[in-house]
Amino acid sequence: QVQLLESGGGLVQPGGSLRLSCAASGSIGSINAMEWYRQAPGKQRELVATITRGGSTKYADSVKGRFTISRDNSKNTVYLQMNSLKAEDTAVYYCNANVHEYGSRWPKDYWGQGTQVTVSS
């Protein structure tokens, strides 16, 4: 089994910054893509950013130029640096990791429990 533990959410004023972390632990052989999603009240969960094992990144148009995804493969951890935050960034943020577990033939997606980000003055 694999667990993802997120941290770093909170309340921040518009224009401020936050850094989210998501650490994977358990029976991990390797991790392929790692991603951040978010879900605002009354809305569907949306993909915010993706990073491959090799470090290639993709972003939703709404966060390009403001958010940066990165990862530390030695720590099985993915980060999301969020700058110039706006009220519309308020949501629960979830990390997702595509994991090859030891002894498993196929990778499997795992989700974190979510961390609340609130942008408000």
Side-chain angles (χ1 to χ4, degrees):
Q1 271 290 354
V2 172
Q3 298 81 38
L4 300 184
L5 183 61
E6 296 140 344
S7 59
L11 173 65
V12 63
Q13 291 187 341
S17 298
L18 280 176
R19 188 192 195 209
L20 306 182
S21 300
C22 174
S25 62
S27 182
I28 298 171
S30 64
I31 302 178
N32 299 319
M34 301 183 84
E35 299 176 317
W36 287 98
Y37 287 75
R38 67 185 181 186
Q39 187 166 19
K43 294 188 176 181
Q44 287 191 328
R45 191 172 295 190
E46 64 171 345
L47 177 61
V48 174
T50 301
I51 186 166
T52 67
R53 181 169 180 79
S56 297
T57 59
K58 291 177 84 171
Y59 297 92
D61 288 343
S62 58
V63 307
K64 277 182 185 175
R66 300 188 298 119
F67 290 12
T68 302
I69 188 170
S70 61
R71 64 190 283 173
D72 184 335
N73 291 333
S74 68
K75 296 180 180 179
N76 291 327
T77 299
V78 63
Y79 306 96
L80 187 67
Q81 177 66 45
M82 305 185 293
N83 299 328
S84 302
L85 283 160
K86 305 174 181 179
E88 50 263 43
D89 294 318
T90 296
V92 178
Y93 285 70
Y94 299 89
C95 67
N96 174 279
N98 187 255
V99 181
H100 266 284
E101 295 177 71
Y102 287 120
S104 177
R105 183 175 182 184
W106 305 110
K108 182 179 176 181
D109 278 343
Y110 286 92
W111 290 89
Q113 81 287 354
T115 185
Q116 176 70 46
V117 171
T118 302
V119 185
S120 175
S121 54

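The model shown is predicted, which means the values in this text are computed figures rather than measured ones.
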Which of Asn98, Asn73, Asn76, Thr77 passes side chain to side chain contact (heavy atoms under 4.5 Å, CB included) with Ile31? It is Asn76
For residues 47-84, the ring-ring contact (aromatic ring centres under 6.0 Å, His included) pairs (sequence neighbours left out) are none
Shortest non-hydrogen pair, Ser70 vs Val78, comes out as O-CG2, 3.2 Å
dist Thr68:OG1 -> Leu80:CG (nearest 0.5 Å) comes out at 8.0 Å
Between Arg71 and Gly54, is there a donor-acceptor pair closer than 3.5 Å when you use the side chain of the first and the backbone of the second?
no
Is there a donor in the side chain of Thr50 and an acceptor in the side chain of Glu35, or the other way round, less than 3.5 Å apart? yes
Between Thr115 and Glu6 the two heavy atoms that sit nearest each other are N-OE1, 3.7 Å
Checklist entry - Among the clusters formed by ILVMFWY side chains lying less than 4.5 Å apart, do Val92 and Val63 turn up in the same one? => result no
For Ala97 and Met34 the tightest heavy-atom approach is CB-CE, 4.2 Å
**Study point:** Student check: side-chain heavy atoms of Lys108 and Val2 closer than 4.5 Å
**Key:** no
Leu5 meets the side-chain contact (heavy atoms from CB on, under 4.5 Å) criterion, sequence neighbours left out, with Gln113
Correct closest heavy-atom pair for Ser84 and Ser17 would be N-OG, 4.4 Å
Residues at least two apart in sequence or cross-chain that pass side-chain contact (heavy atoms from CB on, under 4.5 Å) with Ser25, listed by chain then number, are Gln3
*Taking 4.0 angstrom as the limit, do Asp89 and Lys86 come out as a salt bridge?*
no
### Message
With a 6.0 Å cut-off (strictly less than), is the heavy-atom count around CD of Glu88, excluding the residue itself, greater than 12?
### Response
yes
>> With heavy-atom distances below 4.5 Å as the criterion, would you say the side chains of Thr90 and Arg38 are in contact?
In response: no
Assigning hydrophobic clusters by single linkage (Ile, Leu, Val, Met, Phe, Trp, Tyr; side-chain heavy-atom cutoff under 4.5 Å), is Val48 placed with Tyr110?
yes
Contacts satisfying disulfide (SG to SG under 2.5 Å) that involve residues 48-94 (not counting sequence neighbours) are none
Taken to the nearest 0.5 Å, the spacing of Ile69 CD1 from Thr57 OG1 works out to 8.0 Å
The complete set of disulfide (SG to SG under 2.5 Å) pairs with one or both residues in residues 29-65, sequence neighbours excluded, reads none
Sorted by chain and number, sequence neighbours left out, side-chain contact (heavy atoms from CB on, under 4.5 Å) with Val117 holds for Leu18, Leu20, Met82, Tyr93, Val119
- With side chains defined as the heavy atoms from C-beta onward, is the minimum distance between Ser120 and Leu11 less than 4.5 Å? yes
Closest non-hydrogen contact found for Pro14 with Ser121 is CD-N, 3.7 Å
Between Gly112 and Tyr94, the two heavy atoms sitting closest are O-CD2, 3.7 Å
